[in-house]
Amino acid sequence: MALRFFNTYSREIEEFEPSDPTTRPIKMYTCGPTVYSRAHIGNFRAYIFEDLLQRHLELRSYKVRRVMNITDVEDKTIRGAREAGVPLQKFTEQFKDAFFEDAHTLRIKRADEYPTATDQHYIDRMVEMIRVLISNGLAYQADDNSVYFRINKFPDYGKLAHFDLTQLQSTGRVKHDEYDKEHIGDFALWKAWDQEDGDVKWDSPWGPGRPGWHIECSAMSTALLGDQIDIHCGGVDNIFPHHEAEIAQSEGVTGKKFVRYWLHCAHLLVDGQKMAKSLGNFYTVPDVLAKGYTGRELRYALLRVHYRVPLNFTWEGMNEARESLDRIDEWLVRLRDIAQKQNAQRSSPNAQGLIRKPDFENALDDDLNISAALGVLFESIRDTNRAMDQNEMDSASATAWLDWWNRINTVLGLEVEADMVIPTEVAQLAEERENARREKNWKRSDELREQIFALGWEARDTKEGPKLTRRGGSG
Ligand code: AMP
Ligand code: ZN
């Protein structure tokens with residue numbers, strides 16, 4: 001079945017047809033972090049959704065070329081650097097590093113390029129684009145020396161957000177920085193330097209200043225991916241004005257349709273409210289790790305709900321993620337065990353046939369329906385566990401199931417950390433210990449616990465039964 005995505009532009013589910021998949025990769029642009037503080041896990045929900053999208057396209061044999069920009073100059077980064085009393089680059093560097101560290105913890109695949117807005121190469125391109133927009137009558141320099149986009153001259157303005165421009169009629173001089181604009185909705189392409197900007201400035205035909213946030217993305221995406229891109233993503237808060245403005249600027253310069261598919265993810269919420277820096281209701285990745293959870297568990301918690309459905313972040317949700325991963329891990333241990341046993345078990349005609357291989361992938365084809373896909377996985381786990389309980393799984397079937405897992409896991413990215421893979425010897429001792437406990441042979445059980453301990457593992461007896469954890473690890 002063909003891939004289908006909900007396109008924010010049309011507000012419809014559309015069949016995915018990249019412009020020319022045979023000769024070149026899919027061009028994907030994803031709005032990256034504004035590096036004025038450490039990104040919160042709400043931001044990472046967006047990046048994980050984009051990661052899922054890229055991985056699924058790759059599972060479906062598409063090549064993907066993904067660009068994620070780093071916004072290192074705008075109002076918040078300038079203010080932050082000024083307050084910290086350090087140069088802009090030095091101020092943003094620490095948050096860039098933190099972003100890469102957190103993305104790695106969450107197993108987000110690296111983009112092909114991470115352009116930064118302050119790179120002179122891109123500043124030159126922004127200046128060039130603004131020059132073309134002025135010559136096309138789509139932009140003007142106002143009395144405050146800043147350059148603005150003239151939204152009334154771009155008939156499609158508002159189409160992405162399904163926004164009625166008449167709602168944007170000026171109601172008077174509301175804000176100081178809107179005095180000089182022709183229309184209240186006109187947005188800045190180039191902001192004239194003022195004292196608060198300190199030494200953050202670049203030369204331009206319109207005097208010293210700095211780019212507006214929106215033109216940064218138009219310049220970096222067209223510079224690296226060309227005039228037309230296949231997929232552009234972000235969180236829903238990016239739709240207006242940011243992405244609307246990107247369309248106006250890019251199409252205003254190139255005269256070509258900028259983006260074929262616009263995909264936006266719903267927010268991560270806390271108590272029903274958007275997780276946001278400004279509301280102070282946020283957690284960072286290190287905050288979650290400090291509570292004893294792993295990056296893998298957080299990845300799962302942020303991944304498991306369909307990207308267009310708002311997701312409420314709770315610690316119960318984190319615990320559920322842990323339980324789900326435990327189920328997967330235990331299942332894998334059992335399968336590996338049988339796979340290694342070389343047909344020791346009675347062969348079952350249907351153990352392999354239980355694999356509903358295409359269902360997982362077909363669910364993801366349907367606008368990345370991850371909840372349905374995970375439903376297939378957990379049903380499969382239940383069915384195979386039953387088959388294994390009844391000794392109806394031979395090693396060939398177990399291997400086939402492991403192959404299936406390896407394939408779907410290229411999308412999920414939930415492989416167990418190397419130090420969490422339980423060695424067969426330890427697993428065997430644990431099984432013996434369970435038998436001893438069942439027979440109430442406590443002495444033998446304790447001996448086995450010690451042997452397991454000597455191999456670097458701990459056998460814990462929990463409410464759900466015995467568990468193995470790495471000695472000193474969080475389990
Ligand atoms: P920013 O650093 O504010 O430019 O945001 C980076 C990305 O995170 C953008 O794609 C935003 O739409 C997205 N984002 C911000 N807050 C949330 C949230 N609470 N849930 C999901 N995505 C978010
Ligand atoms: Zn952007």
Side-chain angles (χ1 to χ4, degrees), residues 8 28-53 66-77 80 92 95-96 98-100 102-103 106 108 111 113-117 122 126 129 160-161 187 189 211-225 229 231-250 258-259 262-285 298 301-303 305-314 317:
T8 308
M28 182 169 164
Y29 186 86
T30 48
C31 288
T34 306
V35 281
Y36 71 105
S37 66
R38 195 166 195 130
H40 56 69
I41 57 172
N43 301 129
F44 279 103
R45 181 185 193 199
Y47 307 140
I48 283 181
F49 137 66
E50 290 153 1
D51 182 57
L52 179 71
L53 174 59
R66 183 160 67 88
V67 173
M68 176 178 271
N69 71 294
I70 308 277
T71 303
D72 59 355
V73 56
E74 49 72 81
D75 297 349
K76 293 190 288 275
T77 54
T92 54
F95 302 118
K96 260 186 247 174
F99 165 73
F100 287 116
D102 293 346
L106 295 175
I108 293 170
E113 308 261 3
Y114 290 100
T116 52
Y122 299 117
M126 294 171 213
M129 288 184 89
L160 176 71
F187 55 88
L189 297 166
W213 172 37
H214 313 314
I215 195 75
E216 294 177 10
C217 279
S218 282
M220 290 185 271
S221 60
T222 53
L224 287 163
L225 295 171
I229 58 185
I231 302 178
H232 195 315
C233 307
V236 284
D237 57 310
N238 280 162
I239 297 174
F240 194 89
H242 186 52
H243 289 164
E244 194 73 63
E246 276 191 47
I247 295 176
Q249 298 162 150
S250 305
F258 176 41
V259 171
W262 285 97
L263 271 67
H264 293 99
C265 80
H267 283 142
L268 184 68
L269 311 176
V270 184
D271 297 329
Q273 262 194 315
K274 178 192 173 189
M275 181 177 288
K277 275 269 140 67
S278 55
L279 297 172
N281 61 351
F282 63 92
Y283 298 104
T284 62
V285 172
L298 181 55
L302 295 176
L303 185 80
V305 169
H306 188 266
Y307 76 95
R308 284 195 290 118
V309 177
L311 166 60
N312 208 30
F313 179 79
T314 60

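Note that ligands are numbered from 1 as they come in the structure, with each ligand's atoms numbered from 1 the same way. Keep in mind that this is a model prediction, so the values were computed, not measured.
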For this session: Among all protein heavy atoms, pick the one closest to atom 12 (O) of ligand 1 and tell me residue, atom and distance.
Result: Asp237 OD1, 2.5 Å
Problem set entry | Cys217 backbone or side-chain N/O/S under 2.8 Å from the Zn ion (ligand 2) | yes
For this session: Of all the heavy-atom pairs spanning Pro33 and Met68, show the shortest one and how long it is.
Result: CD-SD, 4.2 Å
Exercise. How close does the nearest protein non-hydrogen atom get to atom 4 (O) of ligand 1, and which residue and atom is it?
Worked result: Thr34 OG1, 3.1 Å
Exercise. Judged by atom type as modelled, is there a donor-acceptor pair below 3.5 Å linking the side chain of Arg45 to the main-chain atoms of Ala266?
Worked result: yes
For this session: Measure the CE-CZ distance between Met275 and Phe44 for me, rounded to the nearest 0.5 Å.
Result: 12.5 Å
Problem set entry | Residue of the set His242, His243, Glu74 for which side-chain hydrogen bond (donor to acceptor under 3.5 Å, both in side chains) holds with His214 | His242
Exercise. Looking at ligand 1, does Ala276 have a heavy atom less than 4.0 Å from it?
Worked result: no
Exercise. Does the side chain of Val285 come within less than 4.5 Å of Arg38's, by heavy atoms?
Worked result: no
Problem set entry | Best match, His242, Met275, Arg45: closest heavy atom to atom 19 (N) of ligand 1 | Met275
For this session: Give a yes/no verdict on whether any heavy atom in His40 is under 4.0 Å from an atom of ligand 1.
Result: yes
Exercise. Taking the six-membered ring for Trp, are Phe95 and Tyr36 ring centroids under 6.0 Å apart?
Worked result: no
Problem set entry | Tyr47 to ligand 1, any heavy atom closer than 4.0 Å | yes
Exercise. Atom 15 (C) of ligand 1: which of Leu269, Thr30, Asn43 has the nearest heavy atom?
Worked result: Asn43
Exercise. Taking the side chain from Asn69 and the backbone from Tyr114, do they hold a donor-acceptor pair closer than 3.5 Å?
Worked result: no
For this session: Would you confirm whether Thr8, through its side chain, and Trp262, through its main-chain N or O, come within 3.5 Å as a donor-acceptor pair?
Result: yes
For this session: Using the side chain to side chain contact (heavy atoms under 4.5 Å, CB included) rule, take Phe258 and His232 through it: C-alpha gap first, then chi angles, then the decisive distance, then the call.
Result: CA-CA 9 Å; Phe258 176 41; His232 195 315; 4.1 Å; yes
Problem set entry | Nearest-contact summary for atom 21 (C) of ligand 1 - protein heavy atom, Å | Gly42 O, 3.0 Å
Problem set entry | Pick from Met68, Lys274, Lys76: the one approaching atom 16 (N) of ligand 1 most closely through a non-hydrogen atom | Lys274
Problem set entry | Distance from atom 18 (C) of ligand 1 to nearest protein heavy atom, with residue and atom | His267 CD2, 3.4 Å
Exercise. Any donor-acceptor pair under 3.5 Å linking the side chain of Ser250 with the backbone of Ile247?
Worked result: no
Problem set entry | Distance filter under 4.0 Å to Pro33 heavy atoms, resulting ligand 1 atoms | 2 (O)
For this session: Go through ligand 1 atom by atom and flag the ones less than 4.0 Å from a non-hydrogen atom of Gly234.
Result: 10 (O)
For this session: Quick one: sort the Phe282 and His40 rings into parallel, tilted or perpendicular, breaks at 30° and 60°.
Result: tilted
For this session: Just need the protein heavy atom nearest to atom 9 (C) of ligand 1, so name the residue and atom and give the distance.
Result: Asn238 OD1, 3.3 Å
Exercise. Short check: any N/O/S atom of His243 below 2.8 Å from the Zn ion (ligand 2)?
Worked result: no
Exercise. Polar-atom distance check: Ala266 versus ligand 1, any N or O pair below 3.5 Å?
Worked result: no
For this session: Give the residue and atom name of whichever protein heavy atom lies nearest to atom 20 (N) of ligand 1, and the separation in Å to one decimal.
Result: Leu268 N, 2.7 Å
